[in-house]
Amino acid sequence: MAFAKLKEFHRKSNAISTGDSGAITVRNDQATVRSAAQLSGRESLPYIALVTCLFFSWGFAYGLLDSLNSKVQVAFNLSRAKSGGLQASYFGAYFLCPLTVSGWILRRYGFKVTFIVGLVVYGIGALMFWPSSIKHSFGGYCASMFIVASGLSTLETAADPYIAICGPVKYTEIRLNFAQGFQGLGGFVAPLIASRVIFKHAEASELSGVQWTYLGVACFVFVLAVIFYFAPIPEVTDRDMELVVASVGIPELNDKPFIRQYALFYGVLAQFSYVGAQVALAGYFVTYTQDAIPSVSSSHATDLLAAVQAVYAVSRFIAVGLMHYIKPRYVYCVYIWACVAFAIAASQTTGSVGVGLYGTAFFFESCCFATIFTSALKGLGRHTKWGGSMLVSAISGGALFPSLMGLLGDSKGNKMTLVPMCGYVIAGSHALFNLTQGRILDWEPRIPVPGEEGNVMSLDEEKADAFMDEMKVGKTSL
């Protein structure tokens, strides 16, 4: 009954944007009457604000993962490499879902249904932490984390592309970095709650506080699912994106088959490497701190993790400010190579100086994910949803790098920061590549597209098609 009501509501919502009263699925071969890609900056604000709530929710889940990882390591007497299994469960779901079920739901039913399904799965996974805590089962924790991550990856399959698409093209990087700033705030709040509330009075092997925390998380995300059920969220079809890309003035962009989207594939590799490095660095911050400064307690080290996560969140907003004056690809290049420098420096130092260098890398990580994502997505046109799914799947790099860092940490101590350094170098090569792609990355629509500030004309689909044809034969140019 609930699923039937969901389909009926989605049918009515779709009819508003496509004019087809019988629509249940999204017609990707048709342009919508008023898609999210055609909204002005002011019109897009309510939808961006609503979706930004999702960024906070999975930032909170990711922040809890970092604290839970070190606690589980002690509770189950695991080596550093084996404790990475919790993160492997989390990020393994990111490898599977976006390219399979999550991506299919997005392309078939659109953004709205994908948001709701992701929230429901996230809530179910959070509830499963209750029996896992009672049974004190490491396997149960891994399974629960996998289900939570399946929901989160489904959310992110829709949320990242939606924020990138919704509104004027020239603010794409700024929008996604700003929204992800709230993900950073969630990552800052979670370790504080872990150290001050969940594990404050618990013994080293006690994990019962986890069950109450995730019960609260489940209630929160189920409420969000109800809100998204009733929210009128404008859709975006493949045809909408094809028309937007037609305004670039580079006609071959819409002609390229998916298999020839080499810039996208390079972005996926960069995202895989960067996220792996970021997750490894955060996941072993507490361990590195206690190794570097033996007198520091686990609680104090977790507080320090919350502090550097706060620096990470604030730095995202600083990057947003910089991107108003400096092209995002330049900001990204400087930030990612600074990460390389500080990761190397931390591997050669110990004590409080080493912890300081380690923590400084968090500052420069801030804008990298969102800028890799948006730069790889630009110019894809009708392939945008597939490209977004691949870029979200690349988050699965977080399943590989922490285990490698744990293996090196077991034998080499502070030299383990060389593992994330390798990931930063790969992402840094992508940043250098982006410096040569200004023609695509810096474009603004030149055909009148509804939503561009100051524009009072409507996008005529037939005129856009005619313009594209003229561009191909050289009869007109921008």
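Note that the numbering runs from 1 along the sequence shown for the chain.
A heavy-atom distance below 4.5 Å is not found between the side chains of Phe228 and Phe111. A 4.5 Å side-chain heavy-atom check between Gln180 and Phe373 finds every atom pair outside the cut-off. Using a 4.5 Å heavy-atom cutoff, the side chains of Phe258 and Leu264 are in contact.
Between Phe115 and Tyr162, the ring-plane angle classifies as perpendicular under the 30° and 60° cut-offs. Between Tyr288 and Tyr358, the ring planes lie tilted relative to each other; the angle falls in the 30° to 60° range. Aromatic ring orientation, His324 versus Tyr171: tilted (interplanar angle from 30° to 60°).
If you run side-chain contact (heavy atoms from CB on, under 4.5 Å) between Thr172 and each of Ile174, Val169, Leu176, only Val169 comes through.
Tyr332 is linked by a side chain to side chain donor-acceptor pair (under 3.5 Å) to His430, counting only residues two or more places apart in sequence or in another chain.
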side-chain contact (heavy atoms from CB on, under 4.5 Å) evaluation trace for Phe55 with Asp160 | CA-CA 9 Å; Phe55 285 81; Asp160 284 333; 3.2 Å; yes
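Formation of a donor-acceptor pair under 3.5 Å by the Ser315 side chain with backbone atoms of Val311 is not found in this model. Side chain of Thr384 to main chain of Leu380: no donor-acceptor pair is present (N/O by atom type, distance under 3.5 Å, no hydrogens or angles).
A 6.0 Å sphere centred on CZ of Phe363 holds more than 12 heavy atoms belonging to other residues, nucleotides or ligands.
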